[in-house]
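The structure displayed is predicted, hence computed values, not measured ones.
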Amino acid sequence: MNKYEAEFSNLVRAFRKKHMGKGPSKINTTFCKNWAICEMEGNLSPIEKFIASADDGKQMLRAARTEMVKDMYRKNHPTEMEEFLGCKYLDLFVDIDIERDFGMSIFVFDENIEKKFL
């Protein structure tokens with residue numbers, strides 16, 4: 001992870017902390033073409049871990065987590081990311097493995113950020 005990917009990771013952590021109250025404990029970002037791919041560990045709060053201990057809680061929590069994160073970015077446009085990268089944010093793809101507390105977010109931008117920053 002180069003310094004630009006590391007700084008992008010910090011922006012993701014700050015954004016999630018601001019809008020969700022907690023950010024991931026570890027983020028590793030990779031720029032690939034027009035994507036910023038973020039691998040995240042330590043996403044779940046203690047209460048979410050408790051909910052996940054029930055079988056039906058895992059699926060409910062996964063659905064809520066993925067949809068709520070996407071909705072959060074729709075409602076709160078990530079201007080800090082756009083300013084940092086100098087390009088426009090287009091879309092976000094999100095998934096999380098509740099049992100491992102490991103998530104992935106793929107941010108899509110309108111320019112090749114890999115060429116720009118690597």
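For Y73, the ring pair (Phe, Tyr, Trp, His ring centres under 6.0 Å) test picks out F15, F107, with sequence neighbours left out. Applying the side-chain hydrogen bond (donor to acceptor under 3.5 Å, both in side chains) criterion to S45, with sequence neighbours excluded, gives E48. When the salt bridge (charged side-chain N to carboxylate O under 4.0 Å, His left out) test is applied to E67, the partners found at least two apart in sequence or on another chain are K70.
Within the structure, ring pair (Phe, Tyr, Trp, His ring centres under 6.0 Å) pairs that include any residue of residues 43-62 do not occur (at least two apart or interchain). For residues 3-21, no pair satisfies salt bridge (Lys or Arg N to Asp or Glu O under 4.0 Å), with sequence neighbours left out. Residue pairs meeting the salt bridge (Lys or Arg N to Asp or Glu O under 4.0 Å) criterion with at least one partner in residues 95-113, sequence neighbours excluded, are K58-E99, R62-D95, D97-R100, E111-K116.
In this structure the side chain of L118 never reaches within 4.5 angstrom of the side chain of I113, judged on heavy atoms. Contact of the V12 side chain with the N10 side chain is not registered, since no non-hydrogen atoms from C-beta on lie closer than 4.5 Å. Between M104 and V94 the shortest side-chain heavy-atom distance does not fall below 4.5 Å. The closest side-chain heavy-atom distance from I96 to V69 is not below 4.5 Å.
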Which donor-acceptor pairs under 3.5 Å do the side chains of residues 29-42 make with protein atoms, sequence neighbours left out?
{"from": "T29", "atom 1": "OG1", "to": "S9", "atom 2": "OG", "distance (Å)": "2.6"}
{"from": "N34", "atom 1": "ND2", "to": "F109", "atom 2": "O", "distance (Å)": "2.9"}

Would you tabulate the side-chain donor-acceptor contacts of residues 79-88 under 3.5 Å, counting partners in other chains and residues two or more places apart, or write 'none'?
{"from": "E82", "atom 1": "OE1", "to": "H77", "atom 2": "NE2", "distance (Å)": "3.2"}
{"from": "E82", "atom 1": "OE2", "to": "H77", "atom 2": "NE2", "distance (Å)": "2.8"}
{"from": "E82", "atom 1": "OE2", "to": "Y89", "atom 2": "N", "distance (Å)": "2.8"}

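Residues I98 and M68 are members of separate hydrophobic clusters, defined by side-chain heavy-atom contacts under 4.5 angstrom among Ile, Leu, Val, Met, Phe, Trp and Tyr. In the hydrophobic cluster analysis, where Ile, Leu, Val, Met, Phe, Trp and Tyr join through side-chain heavy atoms closer than 4.5 angstrom, F8 is grouped apart from I106.
Counting non-hydrogen atoms of other residues, nucleotides and ligands closer than 6.0 Å to CZ of F117 gives a total above 12.
The CG atom of L61 lies 11.0 Å from the CG atom of D56; values are rounded to the nearest 0.5 Å. Taking CG of N76 as the reference point, atom CG of D71 lies at 9.0 Å (rounded to 0.5 Å). Taken from CZ in R74 to CG in L92, the straight-line distance is 8.5 Å, to the nearest 0.5 Å.
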